[in-house]
Amino acid sequence: MANSRTFTAAASATAAASGASVPAARGRLRAVAPDEVVQISDFLPPGATWLPAPQHTLPTLPGQPPMVGYLVLVPAGQEPVAAEPVLPPERPAPDTGPVRIDTVQRAAEVDGRTLDLTYLEFELLAHLVAHPHRVHTRDQLVTTVWGYGHVGDGRTVDVHIARLRRKLGAEHRRTIQTVRRVGYKYAPPTPAR
């Protein structure tokens, strides 16, 4: 099964051949206004069919209306060809202070000392370090690190932050700061001048 970006690319190609217009690709998910009418068949490759997705397979967001999703069935051998992803230009890694993250080897170090982190602790620390000084709410962290399917609340984040601070040690625990009534941020120390 392919994602909607693939289907949008395939639909654009079919529409271009037939002279119809199709909205530009916007990623995997797109919010639809309650009164907006969407013709799903316009986005399907030839021979494909669709079915409503079971409600239990869709993410739920507190305080939001339930989501609607569809399963797209494509005959074997007719899968649309995905367009090559456009990668952003390489930028030099930001100075992350004493914490260093190697996402390829999935290793984290603080002042040259390797940290023994669980999978979720590593993901949480890597996300915070990748966005220094940016404040993340607990809900944003749950959605980003744990994913939409996670059943739990923001207190799960609090527990993992506490464990991370312990593993960073007394000298570096303050690099993960609490923003009261909001969430957390990673703030590497600034060099003294």
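Reckoned from all heavy atoms, side chains included, excluding hydrogens, waters and symmetry mates. Predicted, not measured: the structure shown is a model, and the values here were computed from it.
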Shortest non-hydrogen contact from [X] to [Y]?
X: K167; Y: D116; answer: NZ-O, 2.9 Å
X: L141; Y: W146; answer: O-CE3, 3.6 Å
X: P98; Y: Y186; answer: CD-OH, 4.1 Å
X: H133; Y: P188; answer: NE2-CD, 3.7 Å

[X] [atom1] to [Y] [atom2] distance, which is reported to the nearest 0.5 Å:
X: Y184; Y: D158; atom1: OH; atom2: CG; result: 3.5 Å
X: R163; Y: E121; atom1: CZ; atom2: CD; result: 6.0 Å
X: H160; Y: R138; atom1: NE2; atom2: CZ; result: 14.5 Å
X: D111; Y: E109; atom1: CG; atom2: CD; result: 9.5 Å

Would L115 and L125 count as a side chain to side chain contact (heavy atoms under 4.5 Å, CB included) here? Give the steps. CA-CA 11 Å; L115 299 174; L125 182 61; 4.1 Å; yes
Output a table of donor-acceptor pairs, distance under 3.5 Å, between side-chain atoms of residues 173-181 and any protein atom two or more places apart or on a different chain; print 'none' if there are none.
{"from": "T175", "atom 1": "OG1", "to": "H172", "atom 2": "O", "distance (Å)": "2.8"}
{"from": "T178", "atom 1": "OG1", "to": "R165", "atom 2": "NH2", "distance (Å)": "2.8"}

State which residue, out of L117, T118, L164, fulfils the side chain to side chain contact (heavy atoms under 4.5 Å, CB included) condition with L124.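 When L117, T118, L164 are each tested with L124, the side chain to side chain contact (heavy atoms under 4.5 Å, CB included) holds only for L164.
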Treating Ile, Leu, Val, Met, Phe, Trp and Tyr as nodes and any side-chain heavy-atom pair under 4.5 angstrom as an edge, say whether I161 and Y119 lie in one connected cluster.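 As far as the 4.5 Å side-chain criterion goes, Y119 and I161 are connected within one cluster.
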I'd like to check the salt bridge (Lys or Arg N to Asp or Glu O under 4.0 Å) partners of K185; sequence neighbours left out, ordered by chain and number.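 For K185, no residue satisfies salt bridge (Lys or Arg N to Asp or Glu O under 4.0 Å) once neighbours in sequence are set aside.
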Can you check side chain to side chain contact (heavy atoms under 4.5 Å, CB included) on V157 and V145, steps first, answer last? CA-CA 10 Å; V157 176; V145 176; over 6 Å; no
